[in-house]
There are 4 protein chains.
Amino acid sequence: MGTNRLEAFSDGVIAIIITIMVLEMKVPHGSTFADLAPLLPVFLSYVLSFVYVGIYWTNHHHMLHAARGVTAAILWANLHLLFWLSLFPFATGWMGENHFAALPSAIYGGVLLAAAIAYWILQQAIIAAEGPDCLLRRAVGSDWKGKLSPVLYACAIASTFFVTWIAQAIFIAVAVLWLVPDRRIERTLQHET
Amino acid sequence: MGTNRLEAFSDGVIAIIITIMVLEMKVPHGSTFADLAPLLPVFLSYVLSFVYVGIYWTNHHHMLHAARGVTAAILWANLHLLFWLSLFPFATGWMGENHFAALPSAIYGGVLLAAAIAYWILQQAIIAAEGPDCLLRRAVGSDWKGKLSPVLYACAIASTFFVTWIAQAIFIAVAVLWLVPDRRIERTLQHET
Amino acid sequence: MGTNRLEAFSDGVIAIIITIMVLEMKVPHGSTFADLAPLLPVFLSYVLSFVYVGIYWTNHHHMLHAARGVTAAILWANLHLLFWLSLFPFATGWMGENHFAALPSAIYGGVLLAAAIAYWILQQAIIAAEGPDCLLRRAVGSDWKGKLSPVLYACAIASTFFVTWIAQAIFIAVAVLWLVPDRRIERTLQHET
Amino acid sequence: MGTNRLEAFSDGVIAIIITIMVLEMKVPHGSTFADLAPLLPVFLSYVLSFVYVGIYWTNHHHMLHAARGVTAAILWANLHLLFWLSLFPFATGWMGENHFAALPSAIYGGVLLAAAIAYWILQQAIIAAEGPDCLLRRAVGSDWKGKLSPVLYACAIASTFFVTWIAQAIFIAVAVLWLVPDRRIERTLQHET
């Protein structure tokens with residue numbers, strides 16, 4: 001089985017997740033700046049999550065490019081990743097509506113952490129299917145970003161018990177870290193061909 | 001007519017169903033654990049339904065792989081299946097919000113039962129189009145899972161009149177039963193080629 | 001430009017329309033039959049609209065199969081059709097929530113009428129692009145269904161001023177009329193090749 | 001990397017945006033003309049935004065046709081455009097619900113302005129990747145529409161401080177301007193081949 005339908009389905013789910021998040025920005029009833037102002041934290045958390053989902057989409061895109069076939073393990077590892085991504089709209093809306101309060105920020109970090117682990121599992125499932133010397137494994141290399149991110153998310157969750165804005169700073173820092181797109185696979189692919 | 005556009009449309013509908021379900025988890029107004037706690041049953045029923053929709057997607061995926069063309073009967077049998085799947089968000093949300101009460105659990109079982117029957121009808125429509133000796137028929141074999149599931153769903157519905165948690169246990173058991181992906185078609189396909 | 005991306009985009013929009021309609025069936029707060037009963041008309045109008053959108057999807061599917069290229073006129077005639085289809089969830093929800101009252105039924109008929117006209121315009125745009133002797137024109141033939149439906153919708157709208165259930169009967173009758181899928185194009189295609 | 005998956009993902013997001021906007025037209029509770037009347041401005045703003053999203057989709061379609069590969073810059077310029085388009089449902093709903101009041105109209109103009117700039121950035125990213133003598137650059141030519149639109153949007157935003165209906169008139173005028181589809185790329189493509 002090829003990766004086409006898996007990509008198409010994942011694209012569909014991610015496209016819906018990224019768009020549904022905006023529905024948490026409820027249209028206010030009045031038409032003044034005072035009506036719009038309370039939406040600012042919701043908007044900011046939407047921007048943050050949009051960037052995160054965008055990062056997942058682009059990296060997912062690259063990773064599946066390195067896979068040649070789809071096993072049952074890959075199929076379910078992918079659904080597992082989509083499950084955690086599907087919780088982004090809820091976590092984003094809750095954090096935004098409560099102006100980045102401690103518990104919602106911790107939950108948001110928890111969803112990010114779970115998605116990062118799910119991504120790593122999917123990566124391992126592809127490597128397991130492709131063999132120990134496969135393209136993806138060499139492309140990923142030391143995978144320092146993939147290893148560092150969960151640690152940072154855990155720090156962010158812990159920080160919400162003390163100073164909440166540290167968590168937000170970490171979320172932004174990790175997003176910036178990943179915004180530099182994952183060129184390793186592209187580069188390795190070019191070396192091969 | 002090929003199966004491509006049928007698959008693409010089904011993928012789209014299933015991707016939306018799986019994502020829309022999460023909208024039933026309404027963002028709470030407060031930011032404490034006490035605000036989050038009432039969402040736990042909604043979350044659990046979301047996890048259950050996510051797994052079910054995932055199972056339908058993967059098996060649908062495999063089944064259409066065994067079809068070479070699309071007849072009007074297949075087209076409408078597929079839409080019929082999508083209709084029942086589209087009721088998952090409603091049934092999931094209602095069951096979750098009412099903490100797995102009797103009637104919502106019975107309705108949830110009813111939607112599962114109807115979807116299982118619709119899946120069987122689609123399977124028969126493909127076999128009818130492909131001929132009595134087709135790949136799908138041999139791949140499906142005795143189809144004990146497909147025959148056992150509706151019986152179990154009916155038991156679950158009946159159990160809601162007495163002890164509700166039995167219904168939940170059956171829903172989980174059937175999901176686990178199917179989580180072992182349908183390798184019959186893959187295996188038969190490999191024997192052929 | 002090929003028809004691929006037009007089909008994919010239309011599939012996406014139609015898949016979302018068909019799924020979003022179910023969101024009008026709001027999860028009730030109680031868990032008894034008395035809580036579920038008021039949803040029956042909403043459910044029935046959902047079934048009716050699901051069938052209509054399904055009919056549009058299958059016929060759209062067949063029609064685009066007969067087109068070889070996409071002109072600007074086809075692109076916008078298609079978007080025009082999608083616009084009217086996008087009003088289905090609203091019209092369906094309003095009619096269902098008001099138990100098939102006169103005005104909502106008339107508006108529902110109006111949306112059906114507009115969609116039928118938009119479908120006809122799209123058909124003419126394709127025929128204009130393909131030439132007077134094209135496959136689609138011969139396949140469509142006298143197009144009695146396409147000509148009769150708008151007349152019946154207009155009758156249904158008129159009937160809402162007198163006896164509302166006549167409108168519902170007409171809506172169901174036209175759906176049944178079209179449920180027999182449009183085999184003309186398939187047949188003509190087979191004669192050609 | 002080809003443009004296929006980028007197109008598919010963009011199509012998915014745009015299809016959802018165009019359909020989700022209709023959800024801002026909340027089903028009224030009563031069933032009389034008096035219940036429907038307040039929805040008229042919401043409906044009109046929906047029509048306007050539907051046309052705008054349609055214009056973006058068709059032009060996006062043409063533009064990506066002129067691109068042969070996808071770089072990281074194109075990927076993120078595209079996500080950036082989708083971000084602003086994803087704010088259309090919010091801006092549309094707010095403007096419609098407040099009967100085209102000053103501030104919501106200004107915000108709507110701001111979203112249009114940001115989307116226009118994002119579109120221009122994406123266009124530059126493709127031209128940068130394709131080289132200074134590429135097809136897209138010659139096709140775009142002087143790009144007077146692309147340069148005039150942001151200026152007009154800025155005028156519309158400014159006008160909301162004085163006379164609000166001028167902003168609406170400008171929004172409609174720019175939409176009409178673009179409704180004439182972008183045939184430059186088609187024409188240049190034909191000259192080449």
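Within every chain, numbering begins at 1; the chains are lettered A, B, ... in the order of the sequence lines, protein sequences first and strands thereafter.
Between F90(B) and F43(C), the ring center distance fails the sub-6.0 Å criterion.
Distance check, rounded to the nearest 0.5 Å: NE2 of H60(C) to CZ of R5(B) gives 6.0 Å. From D11(C), atom CG reaches atom OG of S10(B) across 9.5 Å, with rounding to the nearest 0.5 Å. If you take CG on N4(B) and CD on E7(C), they are separated by 9.5 Å, rounding to the nearest 0.5 Å.
Side-chain contact check for H80(B) versus F50(C): every heavy-atom pair is 4.5 Å or farther apart. T58(C) has its side chain within reach of L79(B): a pair of non-hydrogen atoms, C-beta onward, lies under 4.5 Å apart. Annotation: side chain of I55(C) is in contact with side chain of W76(B) (closest heavy-atom distance under 4.5 Å).
Pairing each heavy atom of A15(C) with each of G12(B), the nearest pair is CB-C, 4.0 Å. Taking every heavy atom of both residues into account, E97(B) and P28(C) meet most closely at OE2-O, 4.0 Å. Shown here for L103(B) and T32(C), the closest heavy-atom pair between the two residues is CD2-C, 3.3 Å.
When heavy atoms are compared at a cutoff of 4.5 Å, L39(C) approaches chain B solely by way of its side chain, counted from C-beta outward. Looking at I18(C), the atoms closer than 4.5 Å to chain B (heavy atoms on both sides) all sit in the side chain, from C-beta outward.
Between chain C and the options A91(B), G93(B), S86(B), the largest number of non-hydrogen pairs under 4.5 Å is found for S86(B). Residue with the most contacts toward chain C among I107(B), I20(B), L23(B): I20(B) (heavy-atom pairs, distance under 4.5 Å).
The aromatic rings of F83(B) and Y46(C) sit parallel, their planes meeting at an angle under 30°, below the 60° perpendicular limit.
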For H29(C) and W94(B): C-alpha separation, side-chain torsions, deciding distance, then whether side chain to side chain contact (heavy atoms under 4.5 Å, CB included) applies. CA-CA 8 Å; H29(C) 286 293; W94(B) 200 38; over 6 Å; no
